[in-house]
Novice: 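Please read through the structure below; I'll follow up with questions.
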Amino acid sequence: MFNWFNKKHENHPDFWKAYEEQFQEKPPAKVSDIRFIVFDTETTGFDYKKDRMLCIGAVTVKQNQIDVSETFEYYLKQEKFNPETVKIHGILQNERIEQISEEEAIRNFLKFIGNSVLVAHHANFDVTMFNAALRRMNLPKLQNRVLDTGTLYRKTRLTSNLIDQNKNYSLDEIAEAYNIDVKDRHTAAGDAFITALAFLKILGRLDKNGNLLFKELTEA
Amino acid sequence: MKNTIAARIADFLKGYPPFSLLNEDQLLAVSGEVKVIYLEKGKPVFKQGEKGHNLFYVVNKGAIALEKMNNSEVEAIDKCDEGDIFGLRPLFARENYLINARADEESIIYGISIENFKPIIEGNFRVADFLMQSFASNTRNPYSSENKGQLVSTIDNSIRQSSTNLFELQPAPITRKVVKVSPTTPIQKVAALMSEKRATAVLVVENDIPQGIITSEVFRDMIAGGNFGIQSSASQIMSSPVICYPKSITIAQAQITMMKHRIRHICITRDGTPNTKVIGILSEHNILVSEGHNPSILMRAIKNSDSTKELKKIRNKVTLLLKGYLENNIPLTHISRIIFELNDATIKRIIERCIKKIPSPPPANFAWLSLGSQGRKEQLLQTDQDNAIIFEDVPSENLEETRNYFLELARKVNKRLNIIGYDYCPVDTMARNSNWCRSLSEWKEHSAKWIDRSGNDELLLSSIFFDYDITYGDVTLSNRLSDHIFENIRDNKRFISFMGATALRNPSPVGFFRQFLVEQNGENKNTFDIKKRAITPITDAGRLLILHHQVKNISNTAERFEKLAQLEPNNKELFLSCSYTSKALLKFRTRQGLLHRDSGRYIQLANLTKEEKMKLKRCFKTIRDVQELIKYRFGISNYM
């Protein structure tokens with residue numbers, strides 16, 4: 001379908017157009033009908049301008065299931081190297097694992113996610129990191145709707161004055177509360193898988209009858 | 001593309017047959033296609049009569065119950081836990097499922113694509129054989145030995161009924177953790193090892209081949225009897241040869257063998273002869289435990305348990321015991337006491353084990369308090385855990401270090417309690433939270449604050465300290481705190497009237513037209529919240545009245561009212577009926593919980609019989625009466 005309103009973006013590459021076009025569809029209202037992509041990135045650091053993504057891992061969640069055949073795991077070629085963060089993610093500069101360029105990774109990722117809802121733990125960081133990479137390619141920001149498991153987890157907790165309503169929960173804390181094994185922690189795919197299990201458990205608590213609407217999930 | 005997740009799943013699968021029979025490439029290929037499925041407690045995987053899925057399943061975490069519907073009655077067939085496979089029917093036949101599979105607790109299962117697995121079965125006869133056997137004998141169905149080769153559907157119902165008692169034909173429960181020593185080990189070391197591991201027998205082995213066995217009886221006869229000196233070595237006193245069997249031994253066989261040879265232990269070796277490697281040991285005690293349903297045996301099993309997984313299994317038996325008691329109408333006072341003791345022993349055992357797991361010993365004396373329903377000895381079903389730690393005062397420079405030790409201990413204990421079935425407290429009233437892990441003087445200071453500035457929240461907190469039970473540690477610490485709190489509330493009118501208002505915050509549960517007040521909104525809409533509307537008010541009333549009499553050390557609601565009946569003869573009748581009401585409500589909730597496999601808190605009124613409703617309403621009348629008494633006695637208006 002030709003999009004009349006996006007004329008000014010006509011000079012964008014085809015893969016971006018194909019990605020953008022999918023957002024013309026009306027998204028499903030019920031949470032149980034939505035395809036979620038739970039993802040995580042490992043980066044060289046926390047500076048959105050200077051630092052780069054090293055690895056992107058993502059899994060697909062639909063109807064209380066994670067489909068292992070629909071996972072995404074790419075390691076990126078690094079121009080920039082920060083020895084400081086190596087001890088966290090363990091990825092060396094010339095890692096023997098197959099690496100692809102940032103541009104290729106982004107192309108693959110956009111194709112993988114389509115118009116799914118993105119989910120990440122402290123999603124703001126990963127999304128901003130990704131948008132920074134898109135900007136370097138002169139592309140607009142991600143168009144997907146985004147959920148943060150940190151915020152969602154807080155919703156599962158009781159409303160009581162006895163617990164701090166604004167506490168920020170780390171992925172490790174949530175994993176401990178839900179008895180999720182923290183194997184492969186700090187690999188993008190491993191963290192995405194842990195986040196996805198946490199996300200399923202959160203949905204299980206918020207969506208008891210399978211009738212929850214997406215907009216109820218995002219309400220404060 | 002590297003696939004971390006598939007590798008992680010493969011790593012799990014390879015520990016269990018038939019996946020353990022696959023080569024690495026096959027395993028990775030299978031893992032890469034797995035569907036990871038999350039199930040809340042009670043959610044079905046498939047139902048009887050449903051069309052076969054294109055997947056079969058492996059349990060990754062949690063437990064799946066297999067059941068068969070018989071004239072609308074649910075009959076449990078089997079329970080699958082970690083690593084067990086189920087739902088194999090579509091693999092062999094284009095038929096609908098003949099059983100239900102349902103999550104017995106919150107679970108994660110892996111779905112394996114049948115289409116992708118079929119070529120593997122065709123290429124590997126051992127895999128095919130294993131699946132065939134599992135399917136034909138309905139996996140680990142205990143009655144499988146007599147029904148080999150038959151399918152569930154063909155089992156005659158009458159046989160099934162009678163075979164429930166054929167416990168003896170089940171495979172015997174083998175312990176894999178065997179304490180082994182070499183023939184030259186000095187017997188003093190053997191004895192030390194036996195007490196350390198709480199083992200009733202050790203095997204004497206050479207290269208894992210059994211040479212002899214040393215039991216407590218051997219020590220009694222050989223050493224204490226004076227035949228051998230204390231300097232002897234293991235090989236001199238051991239009984240030999242060892243009676244060996246393969247692991248397929250049934251309970252009946254084991255019992256006969258033990259009787260015949262007058263022994264209490266059987267060694268399990270790879271091929272059942274004394275010439276192959278030891279794989280386990282079977283004791284008379286294990287057999288008794290697997291027979292279950294006997295509180296003293298369960299108690300011993302809890303005290304000897306060596307892993308959280310084992311404790312979890314014992315807990316399931318405790319639930320069965322509870323069910324049996326309720327079915328046989330054993331008095332609730334008796335039931336509560338036994339279940340309390342078993343709960344208590346379980347928590348104690350977990351704490352003991354966790355202390356050993358931390359390399360350094362506790363830096364100070366401490367007390368582990370169970371709060372809430374376990375503290376009141378009213379916890380029959382496994383519900384939330386509420387607990388706290390008081391530790392002895394230490395010099396201020398060591399305070400944080402000491403606290404950190406106890407926080408670490410608490411994290412371990414809380415986690416294990418969660419694994420065996422006690423949910424985390426939703427408001428974090430748990431010892432791993434630094435607010436609930438304090439030194440004695442910190443607690444004193446803090447409780448004084450609660451009492452002086454009692455707003456509703458603080459009051460809720462302080463009421464916890466009138467309903468606790470010390471589960472582990474130094475009882476003087478908790479007594480000193482109690483004394484302090486009692487001292488603070490003596491003649492504190494404001495505090496008492498605040499507590500009175502709290503006791504009345506949930507009005508009598510029957511509305512003006514004698515209908516039940518049901519929940520107006522939320523996920524439990526239109527159900528009756530028995531905890532909030534009935535159990536909490538009677539518990540609050542009991543606590544308030546007994547505190548007013550300055551009586552310490554009775555934390556059970558029913559017992560509190562019995563004591564009150566003695567103290568106030570003129571209100572004897574009301575208090576005795578309160579005592580009865582608190583027991584009746586607890587029994588009611590427990591029954592509901594066992595029936596629906598939940599906490600029993602939210603009751604669907606439509607499912608109650610007329611008689612049950614009448615009974616509940618009688619309880620509510622008592623609640624109203626005691627609330628009237630409180631209103632009058634403490635001069636509380638309805639507006640507070």
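The sequence lines fix the lettering, A, B, ..., with proteins before strands; numbering per chain opens at 1.
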Novice: Give me the contact list for residues 410-420 of chain B versus chain A, heavy atoms only, anything under 4.5 Å, ordered by residue number.
Specialist: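 When heavy atoms of chain A are the reference, residues 410-420 of chain B contributes Arg411(B), Lys415(B), Asn418(B), Ile419(B) within the under-4.5 Å range.
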
Novice: Return the OH to CD distance between Tyr110(B) and Gln65(A), rounded to the nearest 0.5 Å.
Specialist: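 One gets 13.0 Å once the value is rounded to the nearest 0.5 Å.
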
Novice: What option among Val68(A), Asn64(A), Leu203(A), Val61(A) has the most heavy-atom pairs under 4.5 Å with chain B?
Specialist: Val68(A)

Novice: Asp181(A) vs Arg8(B), test: side-chain contact (heavy atoms from CB on, under 4.5 Å). Steps then yes/no.
Specialist: CA-CA 11 Å; Asp181(A) 291 333; Arg8(B) 177 174 168 167; 3.8 Å; yes

Novice: Picking from Val36(B), Val34(B), Ile37(B), Ile5(B), what satisfies side chain to side chain contact (heavy atoms under 4.5 Å, CB included) with Ile66(A)?
Specialist: Val36(B)

Novice: Nearest 0.5 Å, what's the CZ-CG distance between Phe72(A) and Asn3(B)?
Specialist: 12.0 Å

Novice: Can you tell me which portion of Leu39(B) sits under 4.5 Å from chain A's heavy atoms? Options are side chain, backbone, both or neither.
Specialist: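 No part of Leu39(B) comes within 4.5 Å of chain A.
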
Novice: Report which part of Leu197(A) has an atom under 4.5 Å of a heavy atom belonging to chain B: side chain, backbone, both, or neither.
Specialist: side chain

Novice: Might you point out which heavy atoms bring Lys201(A) and Tyr38(B) nearest each other, and give the distance in Å?
Specialist: CG-CE1, 3.5 Å

Novice: Is it the case that over 12 heavy atoms from other parts of the model lie below 6.0 angstrom from the CZ atom of Arg136(A)?
Specialist: yes

Novice: With a 4.5 angstrom heavy-atom cut-off, which part of Glu70(A) approaches chain B: side chain, backbone, both or neither?
Specialist: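 Answer is neither: Glu70(A) stays 4.5 Å or more from chain B.
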
Novice: Just wondering, do Glu40(B) and Asp207(A) contact through their side chains at under 4.5 Å, heavy atoms?
Specialist: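 No, every pair of side-chain atoms sits at 4.5 Å or beyond.
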
Novice: Quick one, Lys35(B) and Gln63(A) - any side-chain contact, counting heavy atoms below 4.5 Å?
Specialist: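 No - every pair of side-chain heavy atoms lies 4.5 Å or more apart.
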
Novice: With only heavy atoms counted, which part of Ser113(B) is less than 4.5 Å from chain A, the side chain, the backbone, both or neither?
Specialist: neither

Novice: Hey, which residues of residues 124-132 of chain A are touching chain B, say heavy atoms under 4.5 Å apart?
Specialist: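 Residues qualifying by a heavy atom under 4.5 Å from chain B are absent, so none.
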
